[in-house]
Amino acid sequence: MSRRKSTRDRRSPTTLTKQSNGVALALPVELWRMIFEMAGHPLARDWDDDFELGMTFGVDTYKNHCASVGCRPPLWLESHRTLSAISLTCHTWSAISTPLLYSLLWIATPDHARKLLPVLRRTPVNGGFRGATFGEHVTALIVNQHAISGAVLKSLCDLCPRLRAISAHSVGVKTVTQWRALERSLSQLSSLRHFDICCGTVDQNEFPTTRKPSTFPNLHYFAVSFNPWCGFGPWQMPNLRHLSFVIMADDQEHLRTQLIPFLRSNGSQIRNLELLTNSNFDGIESFMPFGADAIIPLCPKLRELSATLPHLLPLLWDPHHPLSHPVLEAFMIPLPPPSHVDPEIMRPVLQSLNRQNFPKLEVALLYNSYPVSLSDLKKTDIKISLPSWWKDVIATWQTDRIFVGQLPEGRRLTYKALIEFAEFVDI
């Protein structure tokens with residue numbers, strides 16, 4: 001037996017492990033971080049918006065867990081367990097992986113939020129944060145429904161100054177003072193890019209009408225579901241690209257005093273606009289026409305529009321001018337069931353979908369299978385009656401090459417498809 005072979009055979013596994021570890025630990029910290037980010041995916045990454053979260057966790061899973069109390073997605077829990085195990089391996093790995101554990105916080109219960117606050121104030125003993133606290137490494141915050149108060153959310157904002165994304169689906173704000181304090185803390189988040197909030201607030205009569213505006217310099221996604229009087233009208237968002245607004249009450253006076261001033265300041269940069277209503281709306285009678293304060297003209301660069309019709313039609317366009325937009329490419333139209341919609345109310349909308357009024361329009365989608373479901377599973381011998389003007393409308397769509405489809409079927413609305421389920425009559 002040669003000297004080399006004899007030496008090799010006398011090596012113990014422990015020695016080999018130590019030597020292997022010695023080589024491994026000599027790798028650059030950046031490389032180890034990349035390895036741990038892959039091992040701890042999706043927790044160990046930066047998040048910008050709900051779209052990324054939905055694509056990673058699954059849209060339905062993400063929304064359902066946000067709407068539940070005491071629940072977190074299994075994928076999040078698995079990722080958290082993996083990073084926790086890595087952090088307990090050795091001091092070096094702990095220093096690298098511990099910050100990744102706090103990148104995305106998912107708060108499921110009020111008790112969880114209260115216990116988390118003192119932890120975020122601490123600096124880890126392993127020295128891996130270079131003097132920074134746990135909170136300073138949080139980049140995304142998700143809050144389940146009924147899990148947080150306005151005061152706690154303010155504390156989280158103060159302790160996590162690097163937040164880039166906040167999704168808080170039910171925040172309780174008890175007083176005007178509490179809302180103002182929360183507003184100040186939010187405006188200090190200079191890296192905030194995505195903000196989705198559903199907020200229960202104080203009585204509107206207690207709310208002051210004027211104040212110093214708050215600026216959110218890097219915010220590009222803003223989704224809000226609370227009474228419009230809650231005071232975001234003076235907010236400045238110079239880089240806003242997506243606005244999603246759920247109207248919770250038919251209080252058009254406060255819509256004028258909050259939403260319209262907000263759009264006058266920020267609407268020129270918006271590319272994607274969602275204006276939706278909750279289930280309390282019965283029909284178009286909820287609103288009087290906004291006239292010169294109509295919403296769509298305030299968003300000249302709009303590319304995608306989703307608006308609940310016919311409820312919000314008086315708010316969108318000035319009734320004295322045709323429905324039009326120079327650069328709109330996609331128009332999504334959530335609708336009540338067809339039996340609840342007067343065809344004559346929708347007529348000006350459908351007749352306006354042409355190249356003259358919308359020169360860039362490529363697709364329009366009608367929700368709730370309007371005006372009749374094209375599903376083969378629902379085919380019967382009884383046809384519904386549609387006004388004869390539908391034939392001209394469909395012919396225009398085909399001539400102008402505008403794809404008009406139905407959801408949830410996803411089928412294109414054509415004369416050939418529609419004639420199987422409906423007959424056209426003069427009304």
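What you see is a predicted model, and the numbers here were worked out from it, not measured in a lab. FYI, the numbering just counts along the sequence from 1.
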Exercise. Check the pair Ile166, Cys157 against side-chain contact (heavy atoms from CB on, under 4.5 Å), reporting the backbone distance first and the verdict last.
Key: CA-CA 9 Å; Ile166 298 176; Cys157 293; 4.1 Å; yes
Quiz item: Please walk me through it: do Glu304 and His242 pass side-chain hydrogen bond (donor to acceptor under 3.5 Å, both in side chains)?
Solution: CA-CA 9 Å; Glu304 296 183 13; His242 182 118; over 6 Å; no
Practice problem: Under the side-chain contact (heavy atoms from CB on, under 4.5 Å) rule, what do Thr396 and Leu353 come out as? Steps first, then yes or no, please. | Solution: CA-CA 8 Å; Thr396 299; Leu353 299 180; over 6 Å; no
Self-check item: Stepwise side-chain contact (heavy atoms from CB on, under 4.5 Å) check, Ile402 with Phe358
Solution: CA-CA 10 Å; Ile402 298 173; Phe358 295 91; 5.9 Å; no
Quiz prompt | Stepwise side-chain contact (heavy atoms from CB on, under 4.5 Å) test for Ile107 and Leu156 | solution = CA-CA 11 Å; Ile107 295 177; Leu156 287 169; 3.6 Å; yes
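Looking at heavy atoms from C-beta onward, Val363 lies out of side-chain contact with Glu329 at the 4.5 angstrom threshold. A heavy-atom distance below 4.5 Å is not found between the side chains of Arg162 and Val138. Within the 4.5 Å cutoff, no side-chain heavy atoms of Leu323 are placed close to those of Asn357. For the pair Trp93 and Ser87, the minimum side-chain heavy-atom distance is 4.5 Å or more. Taking 4.5 Å as the limit, some side-chain heavy atom of Leu153 sits within range of a side-chain heavy atom of Leu141. Residues Thr308 and Tyr367 are not in side-chain contact: their nearest non-hydrogen atoms beyond the backbone lie 4.5 Å or more apart. A 4.5 Å side-chain heavy-atom check between Ile270 and Leu302 finds at least one atom pair inside the cut-off. Side-chain contact between Ser306 and Pro334: present, with at least one pair of heavy atoms (C-beta onward) separated by less than 4.5 Å.
For the atom pair CG (Leu186) and CG (Leu163), the distance works out to 9.5 Å, reported to the nearest 0.5 Å. In this structure, the separation between CG on Leu298 and CG on Leu273 is 10.0 Å, given to the nearest 0.5 Å. Rounded to the nearest 0.5 angstrom, Lys301 NZ and Ser268 OG are separated by 6.0 Å. Here the straight-line distance linking atom OH of Tyr370 with atom CG of Leu407 works out to 15.0 Å at 0.5 Å rounding. The CZ atom of Arg114 sits 10.5 Å away from the CD1 atom of Ile148 when rounded to the nearest 0.5 Å. To the nearest 0.5 Å, atom CH2 of residue Trp317 and atom CG of residue Leu312 are 11.0 Å apart.
In this structure a side-chain-to-backbone donor-acceptor pair under 3.5 Å is missing from Arg401 to Glu362. With hydrogens and angles disregarded, a donor-acceptor distance shorter than 3.5 Å links the side chain of His325 to the backbone of Cys299. Without hydrogens or angle criteria, Ser103 side chain to Thr139 main chain gives no donor-acceptor distance under 3.5 Å. A donor-acceptor pair under 3.5 Å is formed between the side chain of Asn354 and the backbone N or O of Gln356. Using modelled atom types, one side-chain atom of Arg241 and one backbone atom of Asn239 make a donor-acceptor pair closer than 3.5 Å. The closest donor-acceptor contact from the side chain of Gln236 to the backbone of Pro234 lies under 3.5 Å. At distances below 3.5 Å, not a single donor-acceptor pair connects side-chain atoms of Gln269 with backbone N or O atoms of Asn266. Counting only distance, with no hydrogens or angles, the side chain of Asn218 and the backbone of Ser191 share no donor-acceptor pair below 3.5 Å.
Contact record, Pro371 with Leu418: CG-CD1, 4.3 Å, taken as the closest heavy-atom pair. Leu309 and Leu335 make their closest contact through O-CD2, 3.2 Å (heavy atoms, listed as atom of the first residue, atom of the second, distance). The shortest heavy-atom contact between Ala113 and Val152 is CB-CG1, 3.9 Å. Across all their heavy atoms, Gln406 and Leu413 have their closest contact at NE2-CD1, 3.9 Å. The minimum heavy-atom distance between Leu117 and Ser155, with the atom names listed, is CD2-CB, 3.9 Å. When all heavy atoms are compared, the tightest approach of Lys360 to Pro326 is CG-O, 3.3 Å.
The pair Arg264-Asp293 meets the salt-bridge criterion, since a charged nitrogen lies less than 4.0 angstrom from a carboxylate oxygen.
Using cut-offs of 30° and 60° for the angle between ring planes, the Phe195 and Phe222 rings count as parallel.
Ser369 and Glu409 share a donor-acceptor pair across their side chains, judged by distance under 3.5 Å alone. Judged purely by distance below 3.5 Å, without hydrogens or angles, the side chains of Ser185 and Gln188 never pair a donor atom with an acceptor atom.
Taking the centre of each ring, Phe245 and Phe232 come in below the 6.0 Å mark.
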